[in-house]
Asker: 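I'd like to ask some things about the structure below.
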Amino acid sequence: MKKLKCGIIGATGMVGQRFITLLANHPYFEIACLAASSRSADKTYEEAIGNRWRMAVPMPELVKNMVIVDAANISKVAEKVDFVFCAVDMPKDEIKALEEAYARAEIPVISNNSANRMTLDVPMVIPELNPQHLGVIEYQKKRLGTSKGFIAVKPNCSIQSYVPALTPLMKYEIAKINVVTFQAISGAGKTFESWPEIVDNVIPYIGGEEEKSEKEPLKIWGSLEDGVIIPASNPTISAQCIRVPASDGHLAAISVSFSRIKPSADEIIDIWKNFQGRPQELQLPSAPKQFLTYFEEFNRPQTGLDRNIENGMGISLGRLRSDTVFDYKFIGLSHNTLRGAAGGAVLIAELLYREGYLY
């Protein structure tokens, strides 16, 4: 199987660093280009990072002496890569313009950013849940006037703690969802050293997060019609998003009601345990063997204990029980910088590769 050359746009940030660790020995892809802002351009990666390497594992040797390219120099990046991952820290309109410029230069873009998530002909994909949305890429290429270039995005990190659990239950016609997410500081690009105010503290606000949590699932559950993804009109979702003093891992408390048939708790747990998607069928390198893991223990999942399940790519569930206002309530957990960020984007790229979109 031919390896493709990939670039990482925004390589010096926390998500960019995570991309490097995931791609350093990847069976499908090899890192061929690191790009960042003009401040880092023309420096070696090691020089540009300095003491800001945030990963638990050492910086891979293969990137230390790579010279960083200015992310705005699209033609120079294009000379080196077959496609790019994008994880830049810029205003949303600038990100949208940058990603589209890369796509128009015939460079496929797999984005970690939110700028293009609600663009109707850009697939926003959790590979186990809505791989059929990749079909919109052919329509997007027509709009862009490209033969190879396109944009695909991963959704918000917090929705991955509950949308995977709810999707296989949609056949029972979910009517209402209430969710409260308890989100780790790495989701803000922070560590305890860089954000001492979060220690022994909880902050009940994350800018823009609640709106994303209420809208993005509806696009995941939407349908491809006339060359665009039409978001689902229901269920109704109410979300609150809270920053908590955990390093990694987004935990969610979910309540759900059904409009048609209320399945039994045993039926729901059985559905979760047996649910598989396209990544499992294809045995993609980053795919968890067990996508949804249900814990019978009353005090699980826990952020510190369970965020790394299936190398951080699995979803942990627990405490399914009847509710006095909704039909059921339960707990979900996902790793926000693996499944929810770089790992989820790498899994999308693996699916795109195996389905023939990257070559």
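Hydrogens, waters and symmetry mates are skipped; everything else that's a heavy atom, side chains included, is used. In this chain, numbering begins with 1 at the start of the sequence shown.
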Asker: Would you compute the distance between atom CE of M90 and atom NZ of K96 and round it to the nearest 0.5 angstrom?
Answerer: 14.0 Å

Asker: Does Q240 use its side chain to pair, donor to acceptor, with the backbone of V180 at less than 3.5 Å?
Answerer: no

Asker: Would you kindly say whether R354 and Y28 are connected by a side-chain donor-acceptor distance under 3.5 Å?
Answerer: yes

Asker: Treat each ILVMFWY residue as a node, draw an edge where side-chain heavy atoms are under 4.5 Å apart, and state whether L4 and I137 are in one component.
Answerer: yes

Asker: Return yes if some donor-acceptor pair links the side-chain N/O of Q302 with the main-chain N/O of N299 below 3.5 Å, else return no.
Answerer: yes

Asker: Hey, does the side chain of Y328 reach the backbone of A265 with a donor-acceptor pair shorter than 3.5 angstrom?
Answerer: yes

Asker: Taking the side chain as everything from C-beta on, heavy atoms only, tell me whether F182 gets closer than 4.5 Å to I242.
Answerer: yes

Asker: Side-chain contact, heavy-atom cut-off 4.5 Å: T119 with I229?
Answerer: no

Asker: Would you say the side chains of E128 and Q280 form a donor-acceptor pair under 3.5 Å?
Answerer: yes

Asker: Rounded to the nearest 0.5 Å, what separates atom CG in N112 from atom CZ in R18?
Answerer: 11.5 Å

Asker: Looking only at atom types and distance, does a side-chain atom of T167 sit under 3.5 Å from a main-chain N or O of P164, one as donor and one as acceptor?
Answerer: no

Asker: Please state whether the rings of F83 and F85 are parallel, tilted or perpendicular, taking 30° and 60° as the class boundaries.
Answerer: perpendicular

Asker: Please determine whether side-chain contact (heavy atoms from CB on, under 4.5 Å) holds for the pair M14 and K190, giving the CA-CA distance in whole Å, both sets of side-chain angles, and the decisive distance to 0.1 Å.
Answerer: CA-CA 9 Å; M14 187 176 286; K190 303 287 189 179; over 6 Å; no

Asker: For the residue pair E350 and H26, confirm or rule out a side-chain donor-acceptor distance under 3.5 Å.
Answerer: yes

Asker: Any sub-3.5 Å donor-acceptor pair from S161's side-chain atoms to S158's backbone N or O?
Answerer: yes

Asker: Could you see if L347 belongs to whatever hydrophobic cluster contains F291? Use Ile, Leu, Val, Met, Phe, Trp, Tyr and a side-chain cutoff under 4.5 Å.
Answerer: no

Asker: To the nearest 0.5 Å, tell me how far E310 CD sits from S316 OG.
Answerer: 9.0 Å

Asker: Can you tell me how the ring of F258 sits relative to the ring of Y172, calling it parallel under 30°, perpendicular over 60° and tilted otherwise?
Answerer: perpendicular

Asker: Between M124 and H133, is any pair of side-chain heavy atoms under 4.5 Å apart?
Answerer: no

Asker: Checking the side chain of R339 only, and the main-chain atoms of M313 only, is there a donor and an acceptor separated by less than 3.5 Å?
Answerer: yes

Asker: Can you tell if the side chain of R143 reaches within under 4.5 Å of the side chain of D121, non-hydrogen atoms only?
Answerer: yes

Asker: Rounded to the nearest 0.5 Å, what's the gap from OG1 on T303 to CG on L251? Could you check?
Answerer: 4.5 Å

Asker: First locate atom CD of Q290, then atom CD1 of I315, and finally report the distance between them rounded to the nearest 0.5 Å.
Answerer: 11.5 Å

Asker: Between Y353 and Y359, is the ring centre distance below 6.0 Å?
Answerer: yes

Asker: Please list, chain by chain and in numerical order, all residues satisfying side-chain contact (heavy atoms from CB on, under 4.5 Å) with P235, sequence neighbours excluded.
Answerer: M170, I174, I177, L218, W221

Asker: Quick one: do the T181 and Q183 side chains pair a donor with an acceptor below 3.5 Å?
Answerer: yes

Asker: Using only atom types and a distance under 3.5 Å, with no angle test, would you say the side chain of D70 pairs donor to acceptor with the backbone of A41?
Answerer: no

Asker: Shared ILVMFWY cluster between I230 and V122, side chains joined below 4.5 angstrom?
Answerer: no

Asker: Measuring from M59:CE to L62:CG, what's the distance to the nearest 0.5 Å?
Answerer: 10.5 Å

Asker: Are side-chain heavy atoms of V153 and P123 found at a separation under 4.5 Å?
Answerer: no

